[in-house]
Amino acid sequence: MATGILARRLRALVGDDGVVDADDVLLVYECDGYTLERAAPELVVLPRTPAETAAVVRLLAEERVAFVPRGAGTGLSGGTLPLAAPVMVCTSRLREIESIDLRNRRLVAQAGVVNSWVTRAVQGDRLLYAPDPSSQTACTIGGNVAENSGGPHTLKYGVTVNHVLGVELVLPSGEVVRLGGAVEDRPGPDLVGFVVGSEGTLGITTRATLRLVRAPEAVRTLLAIFDSVDAASEAVSDVIASGIVPAALEMMDRLVLQAVEQAFSAGFPADAGAVLLVELDGPAAGLEEQAEAVSAVCRRNGSREIRVARDEAERALLWKARKRAFGAVGRLAPNYCTQDGVVPRSRLPEIVRAIAATAERHRLRIGNLLHAGDGNIHPVILFDERDADEVRRVIEAGHEILAACVALGGSLSGEHGIGVEKIGQMPLLFSPDDLLAMTRLKAVFDPEGRANPHKVVPDAKVCVEARAPRRQAAM
Amino acid sequence: MSAPSGDHAAALAALASELGADAVREAGPGDLVDGVAPFAVVRPADAEQARRAVAIAVRGGIALVASGLGRHLSIGAPPRHLGLLLRMDRVDRVVEHHAADMTVTVEAGCTLAALDERLRRAGQWLPLDPPAPAETTVGGLVAANLAGPLRASQGGVRDLLLGIETVSGEGVVVRGGGRVVKNVAGYDLPRLHVGALGSLGVVLAATFKTVPVPPGEGAVEVEVASPREACDLALALRDAFEPAWLELVAEAGGPATRVVFGCAGLPPEVACGLLRARTETEARGHRAVEVEDATALRARLAEFPLREAAAILRVSTLPDRTGLALESLARAARDCGVRAPLSAQVASGIARAAIADAVAVAPVLRALRARREDPDAAVVVERASAEVKPRLVGDADPWGDPGESLALVRGVKRALDPGGILSPGRLPGGV
């Protein structure tokens, strides 16, 4: 069907303002937070309700048109890049929180509900939605479900999949299935767990039943300054070994600290090698003891200075360095790109050394922001995109770092997803038999291969070549 | 038991030659699965032998059920066919416990008790406390999605499982997930196997997140007049302090019901939790009694699903309807003239009744389903003796309505087990 006719039929379903087909507006949709590759869809459809979404997908099924689902476009692995998919289905107008059940700690949100709205809706009742990606004021629940998003507090609370009890999924055929729901432990295999993190390749999530957790009664935040990443990593190991599971355990290395210091004087010593940000939460009883135990562990591992937040304002101050780190690093060079890899937590010193070696080999500056508690690393590579040779080195360095993560027993992605960015490296992690199983499972949901084609699982049909690294990234 | 047919004899010969004669034997009367007899029992010595055993079954088109020590085989519908019982209990290594990384990789046949012993050396545990840990293997834990009281605070298998290694229904090793605590690379195969009763692959090994053992544990008990009152009190206690576990027990089948509130953590946390629970209880005019050995009580409560009974019925519902679910179970049992001890896990919305009389199971189940007092609830026969299983047909199917995901589950089954040889028929909808 010609694009014009398809656009007309889609407008009949979702209203005139629900279809974007003007070239200049389509440019907005040519990439997400991963700007390395760009491709604008032919049409963007913005349904207003879950039912309209299903109607749109049914029409696309009738016409055998492939599509890419998209939430707010904050993804960092190119999951919403249209590859052989002319239509983008945007769920950002599905903005209703449909029900809140405080007693049972459940909330049903449509896909376009922004992550932070969920907590805002229930915080007066001392509840919250735990997954907190740093893009949480923009990213949507639908996108979080697709990517199985994390955030700094996943160490204690888990990621999206641990907080999604049910999804309503529009299959690529247009059929709607409700998987799971407010009631836990339904008989049979855990299809909800399978759909979460499937990056929009199995269909479009239109609603999700979320688990709410009790907001912590009390929080203690402390920041410890170390001479080296090794010393800070040892402190992390000792904290874990002491039996304390902090809510967050973040690390920044020297380059990042210097950038932060330059951008806004946080008062870090010029020769500081690493900073640990530790957050403990729970009932007030016992929290002080835990904070003291963490301080003692840090001191024992050579921390030269420990700052403890005494109130919410001081806590915000300690988090400021961490939260603004990307922006601060961004000032050091015309461009930067962020990688996302995972290593077993105890291998952090090794991966940081490997990253330093990679940086030296490729004559690049690489800073490290680390979700140290769960071994999730975010190396930030600085470069100038006008320097083609440097850009090539940046891409090579990124691949080398991920390969090093896998070699240390880790993974290609902790929270950004595979998308198009890392699809070429999936064979590092999975055998052909593993990948074949994934391909067949995809076909169960999407036999015609029309939902977000050529993502997550590599196939022989499309070779995704990395050309330029993405410039910005937020976690 | 009839003599092995030609195909069976060929498979037996292949198994004996590839795995060694001591790994294979003809099945006996003790090897039945829900009353269905396999012709042989295979007991591989390691993961590779297990893979080869499955591959031989694939070649011969022979259906198999994987089992650890057989303690939980009464879960699910009876297998539609059965040739081999694959006993995984010798595939039992703890492959690696990285305490500093808070992960453990363990083979399917390792018991939870053995795993626990190992993890505790480093001050950690896998915070899942299903019944009979000494007779429950890791494979069974995953396949049957087992849990216990700690489910209230620690989540279930799906929340702790990081990676899995299986043999598919084509005899091929398929891995998913990984050995790190945070990982979003590729489709989440591990979770697909949770609760799949081995029908999507035979579990060879699994990687879990481990956590520090809390240094203290305490509990209080409160007796109230009815399950519904108990449920209300339990939720009020949960709002006063986040419990580690929260159980309701009515040994006599109600109405008198005990609320057991357990908390864990550092000693001051435990003390604070118990104090708040007592204060909240007394404010409601009840009396809270401190439990002497909370850990031992939790272990006893965890055993409910394995108590002597013809069947365990389970209602899964919302937390605030667990009281209602217990009352429905009690009434249905009473109407059918049986006594049914009751137990519930409020935070996860699970209510159970142990039905003593085999003849009563199907009528109680039908009565519960017919009333549909709670439209969101799933009423299932969690476990039943081989004597009961044949009666559980039609509207007394152990699983009940398989729901709208049935077509997808069938598809997933075909994708991973195209020949339909792994635990055929055991899942909802006869999958």
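In what follows, chains carry the letters A, B, and so on, assigned in the order in which the sequence lines appear, proteins first and then strands, with residues in each chain numbered from 1.
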Mind checking the [atom1]-[atom2] spacing from [X] to [Y]? Nearest 0.5 Å is all I need.
X	Y	atom1	atom2	answer
R345(A)	M102(B)	CZ	CE	8.0 Å
R186(A)	S316(B)	CZ	OG	8.0 Å
D320(B)	R105(A)	CG	CZ	12.0 Å
H193(B)	D190(A)	NE2	CG	11.5 Å
D374(A)	N183(B)	CG	CG	11.5 Å
R103(A)	L235(B)	CZ	CG	5.0 Å

Let me know if [X] has heavy atoms under 4.5 Å from chain B in its side chain, its backbone, both or neither.
X	answer
A182(A)	both
V456(A)	side chain
L155(A)	backbone
V236(A)	neither
V213(A)	neither
Q425(A)	neither
F194(A)	both
N376(A)	side chain
M426(A)	side chain
P283(A)	side chain

- Item | Best-contacting candidate, G177(B), A271(B), P319(B), G400(B), against chain A by heavy atom pairs under 4.5 angstrom |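 Most heavy-atom pairs under 4.5 Å with chain A: P319(B).
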- Message: Tell me which of these, P428(B), A407(B), A147(B), G178(B), has more heavy-atom pairs under 4.5 Å with chain A than the rest.
- Response: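 Winner by heavy-atom pair count: P428(B).
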Given a strict heavy-atom distance threshold of 4.5 Å, which part of [X] is in contact with chain A: side chain, backbone, both, or neither?
X	answer
L318(B)	both
L266(B)	side chain
R426(B)	neither
K209(B)	side chain
D232(B)	both
E170(B)	side chain
V270(B)	neither
L200(B)	side chain
L197(B)	neither
A143(B)	neither
S405(B)	both

- Message: Show the nearest heavy-atom pair for residues G286(A) and P268(B), with the distance to one decimal.
- Response: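 Scanning both residues, the minimum pair turns out to be CA-CG, 3.8 Å.
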- Message: Restricting to non-hydrogen atoms, name the atom on L427(B) and the atom on G188(A) that form the minimum distance, rounded to 0.1 Å.
- Response: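 Between these two residues, the closest heavy atoms are CD2-CA, 4.5 Å.
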- Residue pair D159(B), V161(A): steps toward the side-chain contact (heavy atoms from CB on, under 4.5 Å) verdict: CA-CA 8 Å; D159(B) 299 300; V161(A) 70; over 6 Å; no
- Task: Look at R276(B) together with E217(A) and state whether they make a salt bridge at an N to O cut-off of under 4.0 Å.
- Result: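 The answer is yes: the pair qualifies as a salt bridge.
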- Would D185(A) and R151(B) pass as an ion pair if we require N to O under 4.0 Å?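 Yes, this pair counts.
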Please check this pair: side chain of [X] against backbone of [Y], looking for a donor-acceptor N/O pair closer than 3.5 Å.
X	Y	value
E269(B)	A285(A)	no
R214(A)	R238(B)	yes
R440(A)	V412(B)	no
D434(A)	R175(B)	yes

- Task: Between chain B and each of N162(A), D101(A), I418(A), count heavy-atom pairs under 4.5 Å; write down the option with the most.
- Result: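 Looking at each of N162(A), D101(A), I418(A) in turn, N162(A) comes out on top.
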- Answer with yes or no whether the side chains of S346(A) and D101(B) bring together a donor and an acceptor at under 3.5 Å.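 S346(A) and D101(B) do have a side-chain donor-acceptor pair below 3.5 Å.
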Could you check whether any side-chain heavy atom of [X] comes within less than 4.5 Å of a side-chain heavy atom of [Y], counting everything from C-beta outward?
X	Y	answer
L191(A)	L192(B)	yes
T103(B)	P344(A)	no
V444(A)	L408(B)	yes

- Message: Please determine whether side-chain contact (heavy atoms from CB on, under 4.5 Å) holds for the pair L189(B) and M438(A), giving the CA-CA distance in whole Å, both sets of side-chain angles, and the decisive distance to 0.1 Å.
- Response: CA-CA 8 Å; L189(B) 265 66; M438(A) 291 187 198; 3.9 Å; yes
- Could you please spell out the steps behind the side-chain contact (heavy atoms from CB on, under 4.5 Å) verdict for H416(A) and V184(B)? CA-CA 8 Å; H416(A) 295 179; V184(B) 295; over 6 Å; no
- Steps toward side-chain contact (heavy atoms from CB on, under 4.5 Å) verdict (L441(A), L416(B)): CA-CA 8 Å; L441(A) 289 166; L416(B) 298 176; 4.1 Å; yes
